[in-house]
Amino acid sequence: MIIVLKPTPNKEEMERLITWLESQGVLVHASMDLSQINLEVVGDTSRLDKQFIEALDVVDHVQPIRRFERCTDRKFHPEDTVIQVGNTQIGGGSLTLMAGPCSVESEAQVVAIARAVKASGATMLRGGAFKPRTSPYAFQGLGEKGLDLLRVARQETGLPLVSEIMDVSQLDLFKDIDVIQVGARNMQNYELLKALGRQDKPVMIKRGMSATYEEWLMSAEYVMAGGNNQVILCERGIRTFETYTRNTLDITSIPFMRRLTHLPIIADPSHATGKAWLVGPLSQGIVATGADGILIEVHNDPEHALCDGEQSITPEEFDSLAGKLTRLHGFMKEL
Ligand code: PEP
Ligand code: MN
């Protein structure tokens with residue numbers, strides 16, 4: 001409830017009103033809008049008598065509760081959001097298969113992988129050009145050149161691209177990247193999220209390693225509040241006490257996000273486990289729990305990969321997995 005006071009209100013009367021409101025168990029925050037003083041009343045306002053308050057000398061009128069509707073909330077947007085990317089779509093009952101190397105390493109590497117995953121049914125090519133590495137001494141990605149090589153692979157295969165941005169200053173470089181990825185480490189980089197809200201490319205937000213559902217949704221809210229409604233959520237595992245796997249895939253988040261939001265939800269079994277042999281079984285779990293898509297790291301020479309070789313599957317393994325996942329997705333729709 002917002003209590004709008006008369007211009008230049010009597011100070012004592014105003015203080016008396018605040019004290020009385022607080023005695024009713026609500027919190028009061030006085031804010032000044034030009035010369036206008038408003039009392040924002042938060043808490044259980046159901047016991048407060050609006051007419052009684054409006055009858056006070058110091059009060060001009062009481063505004064009905066201002067509800068901050070959330071753009072991400074399914075309550076206010078019951079239909080699923082479907083995002084069109086090139087000639088493929090994310091959400092709306094389809095299964096998006098995003099596949100490609102952790103990092104772009106060379107033209108030969110990224111084009112060979114792109115051709116292979118496309119032939120196996122991938123609908124988007126992933127590849128990191130700017131890499132957020134734990135160690136500053138590890139391979140940091142090819143940067144701008146990496147984005148150029150992704151463009152070559154797109155030209156060769158027609159696959160739309162998804163690649164990670166690390167900083168607001170890189171925004172111009174991503175102008176023609178089909179889906180801009182915000183990595184787990186940047187999920188709460190609010191300046192980046194705001195800037196992504198002001199441009200019109202779809203944004204895929206990976207869940208932070210220790211982010212709650214609420215925090216993750218709020219990151220999506222930042223992008224949407226800026227006017228960009230094309231947001232995809234990507235579950236990629238969270239930090240737990242388990243050390244056998246790189247992270248722990250929180251499969252619960254898939255149906256939970258489906259309930260909370262209309263945004264498409266996809267999942268990444270590669271970063272979730274850090275182990276190539278776990279990518280297959282977890283992918284099946286992801287599809288079975290209703291995800292709109294899956295993001296998988298594929299490398300044509302995992303042993304020599306410059307980044308995340310242990311969790312990368314080969315194009316041959318992807319080929320057999322993609323077939324299984326497409327069949328499973330069809331089966332789940334009929335169930
Ligand atoms: C990635 O997708 O290459 C990546 C770095 O993932 P995450 O942000 O989930 O760790
Ligand atoms: Mn990776």
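Note that this is a predicted model, so its numbers are computed, not measured. For ligands, and for the atoms within them, numbers begin at 1 and follow the listed sequence.
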Task: the Mn ion (ligand 2) - closest N/O/S atom in Glu297 - done: OE2

Task: N, O or S atom of His271 closer to the Mn ion (ligand 2) than 2.8 Å - done: yes

Task: Min N/O separation Ala184 to ligand 1 under 3.5 Å - done: yes

Task: Ring geometry between His77 and His262 (parallel below 30°, tilted from 30 to 60°, perpendicular above 60°) - done: parallel

Open item on the list: Looking at Arg70 and Glu214, is there a salt bridge between them, counting it only when a charged N and a carboxylate O are closer than 4.0 Å?
Closed with: yes

TODO: Please could you name the atoms of ligand 1 that Glu164 approaches to less than 4.0 Å, counting only its heavy atoms?
DONE: 4 (C), 5 (C)

Open item on the list: Ignoring hydrogens and geometry beyond distance, is a side-chain donor-acceptor pair present between Gln311 and His271 at under 3.5 Å?
Closed with: yes

Open item on the list: Which residue and atom name correspond to the protein heavy atom nearest atom 4 (C) of ligand 1, and how close is it?
Closed with: His271 NE2, 3.5 Å

Open item on the list: Under a 3.5 Å threshold, yes or no: a donor from one side chain and an acceptor from the other, between Asn228 and Tyr222?
Closed with: no

Open item on the list: Give the atom numbers and elements of ligand 1 that come within less than 4.0 Å of a heavy atom of Gly183.
Closed with: 8 (O)

- [ ] Answer yes or no: is there an ion pair linking Glu297 with Arg126, defined by an N-O contact shorter than 4.0 Å?
- [x] yes

TODO: Name the closest protein heavy atom to atom 6 (O) of ligand 1, giving the residue it belongs to and the distance to 0.1 Å.
DONE: Lys206 NZ, 2.9 Å

Open item on the list: My understanding is that we take every heavy atom of each candidate and find the minimum distance to atom 7 (P) of ligand 1. Doing that for Gln311, Glu297, Arg236, Gln181, which one comes out nearest?
Closed with: Arg236

Task: Contacting atoms of ligand 1, where contact means under 4.0 angstrom from a heavy atom of Arg126 - done: 1 (C), 2 (O), 3 (O)

Task: Contact with ligand 1 for Lys131, non-hydrogen, under 4.0 angstrom - done: yes

- [ ] State whether Lys201 and Asp178 are salt-bridged, where the test is any N-O pair (Lys NZ or Arg NE/NH1/NH2 against Asp/Glu carboxylate O) under 4.0 Å.
- [x] no

Open item on the list: Between Trp216 and Phe256, is the ring-ring contact (aromatic ring centres under 6.0 Å, His included) condition met? List the steps.
Closed with: CA-CA 12 Å; Trp216 189 15; Phe256 220 114; over 10 Å; no

Task: Which N, O or S atom of Asp308 lies nearest to the Mn ion (ligand 2), by name - done: OD2

- [ ] Indicate if Val85 and Ile296 have the same hydrophobic cluster label, given that clusters are the connected sets of ILVMFWY residues with side-chain heavy-atom separations under 4.5 angstrom.
- [x] no

